[in-house]
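Naming: A, B, ... by sequence-line order, numbering from 1 per chain.
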Number of protein chains: 2
Amino acid sequence: MTDGADGGATVAKTPTSADVAREAGVSQSTVSYVMSGKRPISPETRRRVQDAIDRLTYEPHAGARALAGHRTSTIAVVVPVNPESGAQRLMMFVEEILLAARRRDHDVLLVTADEGPAGLRRVAGRSLCDAVVVMEVGTRDDRVDVARGLPLPVVFIGIPDDAAGLDCLDFDFEAAGRLLVAELAGLGHRTVDVLGWRPAVAAQGINYVPRFERGARAAAEERDVELRWHRPSGEPDVRRVVDGVLASGDVPGLVLAAAVPETLRVLADRGRLPGRDIDVVGLALDAEAEPYGLTATSPQPRDVSRRVMERVFALLDGAAPRGREHELVPAVLVRRASTHSARAVG
Amino acid sequence: MTDGADGGATVAKTPTSADVAREAGVSQSTVSYVMSGKRPISPETRRRVQDAIDRLTYEPHAGARALAGHRTSTIAVVVPVNPESGAQRLMMFVEEILLAARRRDHDVLLVTADEGPAGLRRVAGRSLCDAVVVMEVGTRDDRVDVARGLPLPVVFIGIPDDAAGLDCLDFDFEAAGRLLVAELAGLGHRTVDVLGWRPAVAAQGINYVPRFERGARAAAEERDVELRWHRPSGEPDVRRVVDGVLASGDVPGLVLAAAVPETLRVLADRGRLPGRDIDVVGLALDAEAEPYGLTATSPQPRDVSRRVMERVFALLDGAAPRGREHELVPAVLVRRASTHSARAVG
DNA sequence: CTGAAAGCGCTTACAG
DNA sequence: CTGAAAGCGCTTACAG
């Protein structure tokens with residue numbers, strides 16, 4: 001790493017766009033326009049500038065760019081600290097957000113949910129990002145009001161009770177609840193056991209819990225099915241409940257809103273085969289269902305994230321001008337493999 | 001949200017430090033110094049400025065600050081895309097990094113490992129961060145060479161083969177391997193089964209695999225113990241291996257480098273009690289060991305993260321001037337509860 | 001203890 | 001198709 005050229009003990013200062021301009025024999029504004037593509041550049045000029053950029057391994061200073069351009073090219077993501085739906089699920093959401101951001105040459109800033117509404121104010125007020133994605137929203141969430149007043153797009157993954165004027169996007173948990181119960185009703189079950197989220201989760205007021213329950217209850221009423229709710233609070237509890245269910249009927253019908261891996265493990269342990277000894281449907285990750293020969297189809301967390309990021313960039317591009325009404329990603333089922341083909345719900 | 005005051009349809013522009021200065025009747029530099037604490041300010045002035053800040057809900061523009069101050073107050077963290085050691089572990093590392101960063105009023109930028117060495121160049125070149133933390137480093141990792149040439153601190157969680165001149169920090173996996181084997185040898189085991197990482201992980205060249213194996217092998221040789229390595233590639237495989245181990249002796253000795261939850265589940269299923277029917281020691285998260293009445297003590301991922309962030313800030317503060325030699329966080333054991341008291345290894 | 005001013009490295013009207 | 005220059009909102013010598 002010797003630097004000859006301008007014979008002196010020059011320290012390798014990181015190059016600026018002025019350096020690139022000089023090297024290419026053009027003005028600084030031309031360098032900027034070559035990089036942004038915001039005005040026509042002659043091929044010859046473009047080449048010279050690009051060469052200079054490569055030769056100097058120039059990278060634009062993000063802060064300077066943000067200051068002058070009023071855009072940070074950064075998306076902030078508010079993540080739950082102790083994710084109730086599991087670290088794996090959380091990472092799937094985040095991973096796809098990261099990839100989608102990078103595809104548009106954006107970066108991702110992580111913010112912990114424990115900063116609460118103040119966190120939103122901070123990242124917006126300091127111009128740390130161009131948009132915010134908020135995960136694990138509550139049925140009543142203080143961040144919602146702050147979001148409404150923020151001068152930048154905020155997209156929620158999840159739907160609070162009062163979603164008016166908000167950009168929300170999520171699985172359609174209500175449709176999911178309805179569909180899963182209807183599915184078992186269709187198979188002739190008059191009684192259906194439901195494994196819901198742990199009491200701790202429900203108590204925390206996470207938005208999807210009541211949404212799912214509403215759908216399931218509606219379908220049960222409609223189809224005249226009796227629902228037996230269980231809210232096991234840990235693996236041993238799940239095993240107890242599942243054993244109870246197995247003992248309760250010939251071929252019981254079970255809906256899994258949560259506790260998918262634990263349930264599938266117990267069933268495997270007991271030698272009970274979904275689709276033969278018990279009818280099981282539920283919300284699952286691909287990775288959870290597949291090892292047991294079950295089928296989980298799209299959408300998965302990454303599908304939600306993808307839609308969320310599409311929405312984020314649409315808002316940033318001004319391509320979704322009136323935005324703000326909420327969309328739903330269809331819910332998904334796990335089904336007994338082969339017997340039924342898995343399909344998504346619209 | 002009406003804005004009277006200067007009677008006009010003024011849009012609520014986000015306030016700048018110049019606005020604060022005017023409001024407080026001081027100069028802009030004084031506002032800056034009040035915020036940074038870099039020079040003495042009279043109590044009276046400080047109060048007036050602070051009031052103005054509060055009244056205007058002023059937040060400094062991060063980009064402007066980075067540009068003028070040559071510091072971004074941001075730490076970049078490079079995370080693996082498909083974390084081999086699990087999403088839960090990963091999130092524990094990240095969570096503590098986030099919290100430690102916020103305690104120092106810093107933010108965290110997430111970078112995916114699939115950007116490779118270019119990702120390091122990018123975040124450094126664009127001045128997106130003041131320091132970088134790299135997770136899941138390989139035994140031979142191209143990011144290592146890039147890191148050496150970077151004008152900002154890079155701290156690795158994990159130790160590559162060539163760690164010369166690097167800031168690395170990690171569990172002491174070699175000591176752990178040595179200690180776990182020695183522990184079982186001390187209990188009289190002449191043969192010890194080891195559950196290692198999946199072949200896929202080992203093939204990927206993750207740094208801690210050979211480190212652990214080296215330690216375990218050394219202790220086995222020293223204590224004249226026979227090691228039987230297993231590298232199960234999934235839960236069913238783990239069950240098979242564990243069943244084999246259970247059948248192999250009266251009270252077998254088992255070391256868990258990986259697959260802790262799966263193993264503890266099988267043992268529970270089989271009604272085999274650690275400490276009575278089998279001697280089990282290994283590397284575990286608190287959350288993995290506790291439900292089975294076993295004891296995992298510090299250090300946990302959060303302890304490593306904490307040390308990593310201490311190191312990051314020490315480097316940023318110039319408090320670790322010659323830095324660069326690597327430190328190890330002591331390794332941890334899970335033990336049979338009550339029988340042994342868990343202790344950390346120095 | 002405080003202020004006036006230069007300057008950080010970009011982007012974007014304005015001009016040609 | 002390209003350039004000269006103002007300005008984004010801070011921090012930090014420099015001066016007093």
Side-chain angles (χ1 to χ4, degrees), chain A residues 11 13-50 52-53 56-74 105 122 124-128 130 151, chain B residues 11 13-50 52-53 56-74 105 107 122 124-130 151:
Chain A
V11 178
K13 197 182 63 79
T14 123
T16 70
S17 69
D19 296 326
V20 174
R22 200 177 312 115
E23 178 87 7
V26 300
S27 76
Q28 202 183 20
S29 57
T30 296
V31 173
S32 179
Y33 285 117
V34 165
M35 299 201 72
S36 71
K38 285 189 184 173
R39 82 179 183 190
I41 301 282
S42 76
E44 161 66 6
T45 302
R46 178 188 312 285
R47 197 189 46 68
R48 298 230 316 277
V49 170
Q50 195 53 61
I53 288 174
L56 302 181
T57 63
Y58 166 71
E59 302 257 16
H61 187 290
R65 187 174 252 189
L67 182 57
H70 308 286
R71 295 175 298 94
T72 62
S73 295
T74 296
D105 199 25
R122 186 175 63 85
R126 295 192 177 185
S127 298
L128 278 164
D130 301 331
Chain B
V11 179
K13 197 182 62 81
T14 124
T16 70
S17 69
D19 296 326
V20 174
R22 202 176 310 117
E23 179 87 7
V26 300
S27 74
Q28 202 183 19
S29 58
T30 297
V31 174
S32 177
Y33 285 118
V34 166
M35 300 201 69
S36 70
K38 286 190 182 172
R39 83 179 183 189
I41 302 283
S42 77
E44 161 65 6
T45 301
R46 178 189 311 286
R47 197 189 47 69
R48 299 230 316 277
V49 170
Q50 194 53 60
I53 287 175
L56 303 180
T57 63
Y58 166 70
E59 301 258 17
H61 187 292
R65 187 174 252 188
L67 181 57
H70 308 286
R71 294 175 298 95
T72 63
S73 295
T74 297
D105 198 25
D107 274 287
R122 185 174 65 84
R126 295 193 177 184
S127 298
L128 278 163
C129 61
D130 301 331

Q | Backbone N/O of A/R71 and side chain of A/D130: donor-acceptor pair under 3.5 Å | A | no
Q.
How long is the straight-line distance from OG1 of A/T16 back to OH of A/Y58, given to the nearest 0.5 Å?
A. 7.0 Å
Q | Rounded distance [0.5 Å steps], CZ in A/R65 versus CD in A/E59 | A | 9.5 Å
(Q) Ignoring hydrogens, what is the shortest heavy-atom contact between B/A24 and B/R48? Give both atom names and the distance. (A) O-NH2, 2.7 Å
Q) Does any donor atom in the side chain of B/T74 or B/D107 lie under 3.5 Å from an acceptor atom in the other side chain? A) no
Q.
Regarding B/S29 and B/S32, do their side chains bring together a donor and an acceptor under 3.5 Å, going by distance alone?
A. no
Q: Mark yes when over 12 heavy atoms from residues, nucleotides or ligands other than B/R39 sit less than 6.0 Å from its CZ; otherwise mark no.
A: yes
Q. Want to settle it: does B/L67 or B/T45 sit nearer the 5' end of DNA chain C, counting the closest nucleotide to each?
A. B/T45
**Q.** 5′-ward residue of the pair B/S27/B/A64 relative to DNA chain C
**A.** B/S27
Q: Check DNA chain C for consecutive Watson-Crick or G-U pairs with both distances under 3.5 Å and list the runs of at least three as stems.
A: C:1-3 with D:14-16, C:5-12 with D:5-12, C:14-16 with D:1-3
(Q) Any non-hydrogen side-chain atom of B/L128 less than 4.5 Å from a side-chain atom of B/T72? (A) no
Answer with base, sugar-phosphate or nothing: what part of the nucleic acid does [X] contact at a heavy-atom distance below 4.0 Å?
{"X": "B/T30", "answer": "sugar-phosphate"}
{"X": "A/T16", "answer": "sugar-phosphate"}
{"X": "B/V26", "answer": "sugar-phosphate"}

Q. Taking for each residue the nucleotide of DNA chain D bearing the nearest heavy atom, is the 5' side occupied by A/S42 or by A/Q28?
A. A/S42
Q: Could you tell me from which nucleotide to which nucleotide of DNA chain D, 5' to 3', there is an atom under 4.0 Å from chain A heavy atoms?
A: D/dC1 to D/dG9
